[in-house]
Number of protein chains: 2
Amino acid sequence: MRNLLKDKKLSETPFRKEVLEVFGNYSNAISMSVIEKGLKDYNRITLYRTIKIFLEKGLIHEIALSGEPSNYALCDSTCSSELHQHQHVHFKCTLCETVTCVEVAEFPSLHLPNYQIEQLEIQASGICKVCLKKE
Amino acid sequence: MRNLLKDKKLSETPFRKEVLEVFGNYSNAISMSVIEKGLKDYNRITLYRTIKIFLEKGLIHEIALSGEPSNYALCDSTCSSELHQHQHVHFKCTLCETVTCVEVAEFPSLHLPNYQIEQLEIQASGICKVCLKKE
DNA sequence: TATTTTATTGCAACATTGTTGCATTTATTG
DNA sequence: CAATAAATGCAACAATGTTGCAATAAAATA
């Protein structure tokens, strides 16, 4: 497994490794409170700063949601602080409420007259594959 | 002009009308702090509750943004609390920083195998038409 | 339109989250 | 392993979200 921290020139500390482990335990994006529950013990401020620097370095990305706290997910290795290179859709399931980064073969393109588009982010909602199977 | 408040079965109060006026003064989406600056005088809690009920009734919609406070914009008349029927893209300009709801002729469609998509939200970023002209 | 009913507002108070400076501790570098 | 650089934890504070409740204003009704 790649060393995410060293790759991004961040010091390897036990706490940061533990936060990354929590991300690794989920295949979906997770909220701050889920991260907190996944940690043995944590300092609120340190966690806040850890998430902040992970975002800045492009280790994780934030998925902003209307009416509820943001979720976070690990980035591709090609992401940097400046540019996120995700070719995936953020999918929020209306049943189980989880947010997932779904890889998509052909990412939709969009043309807006008079606008110069540099980045596209797509958030879909509906029923995820796990919940579809359960029905 | 349509009476937005009565349409949504909300009492018409001077304050609510003033908040709607502020929205009317902008062609783009606005943040809480912009709303505050546009009001003569306001009570923090009342404003908070006003925005909340406007959202619930589908009078306005929230545009959640990563790393910064949400923006808000007036909805189409067809929107309700349950379902937002926007056929527009949320465009964030990297130069002037404004967020605009851009109507688009053909809204992109997306198919994700094993997922049932109910709603799509697209957030684009780049350079808006105003800033393109200035260059 | 006066009165009743219902909804909104503003205050006080508190909860949660975001943020900084600084001393201490820990990781990295040579 | 010492020197340097970075991360952590504490205290303290700022900003934002939220509630109960009394006062006030709007809507419904007679």
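All chains are named by letter (A, B, ...) in the order of the sequence lines, taking the proteins before the strands, and each is independently numbered beginning at 1.
Atom NZ of A:Lys52 sits about 6.0 Å away from atom CD of A:Glu56, to the nearest 0.5 Å. Rounding to the nearest 0.5 angstrom, the gap separating the CD atom in A:Gln119 from the OG atom in B:Ser125 is 4.5 Å.
With rounding to whole Å, B:Asn43 atom CG is found 15 Å from D:dT16 atom P. Atom CD1 of A:Ile45 and atom P of C:dT16 are 16 Å apart (whole Å). Residue B:Glu68 contributes atom CD, which lies 16 Å from atom C1' of D:dT16 at whole-angstrom precision. A:Glu18 has its CD atom 17 Å from the P atom of D:dA7, to the nearest Å. In this structure, the CG atom of A:Asn3 is 14 Å from the C1' atom of C:dT28, given to the nearest Å. Rounded to whole Å, the distance from CZ on B:Phe15 to P on D:dA26 is 14 Å. What separates NZ of A:Lys8 from C1' of C:dT28 is a distance of 20 Å, to the nearest Å. Between the CD1 atom of B:Ile53 and the P atom of C:dT6 there is a distance of 17 Å, given to the nearest Å.
In this structure, A:Ser66 contributes its side chain and B:Ile63 its backbone to no donor-acceptor pair below 3.5 Å. With hydrogens and angles ignored, the 3.5 Å screen pairs no side-chain donor or acceptor of A:His90 with any backbone N or O of A:Ile122.
Here A:Pro14 lies in heavy-atom contact (under 4.0 Å) with sugar-phosphate atoms only. Counting non-hydrogen atoms under 4.0 angstrom, A:Arg16 reaches the backbone sugars and phosphates but no base. Across all strands shown, B:Arg49 has heavy atoms under 4.0 Å from base atoms, whether or not it also approaches the sugar-phosphate.
OP1 and OP2 of C:dA7 both lie 4.0 Å or more from every side-chain N or O belonging to B:Ser11.
Across the interface with DNA chain D, nearest-nucleotide mapping of B:Pro69 and A:Thr13 shows A:Thr13 to be the residue nearer the 5′ end. Nucleotides of DNA chain D nearest to B:Leu10 and B:Met32 differ in position, and the one nearer the 5' end is that of B:Met32. Positionally, the nearest nucleotide of DNA chain C for B:Lys9 lies more toward the 5' end than for the other of B:Arg44 and B:Lys9.
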(Q) For Watson-Crick and G-U wobble pairs within 3.5 Å on both distances, what is DNA chain C written in dot-bracket notation, | included for inter-strand pairing? (A) ||||||||||||||||||||||||||||||
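Note: A:Phe15 and A:Tyr42 fail the aromatic proximity criterion, with ring centroids not under 6.0 Å apart.
Taking 4.0 Å as the cut-off between side-chain N and carboxylate O, A:Glu68 and A:Lys92 count as a salt-bridged pair. We find that A:Lys40 and A:Glu21 are not joined by a salt bridge, their nearest charged nitrogen and carboxylate oxygen being 4.0 Å or further apart.
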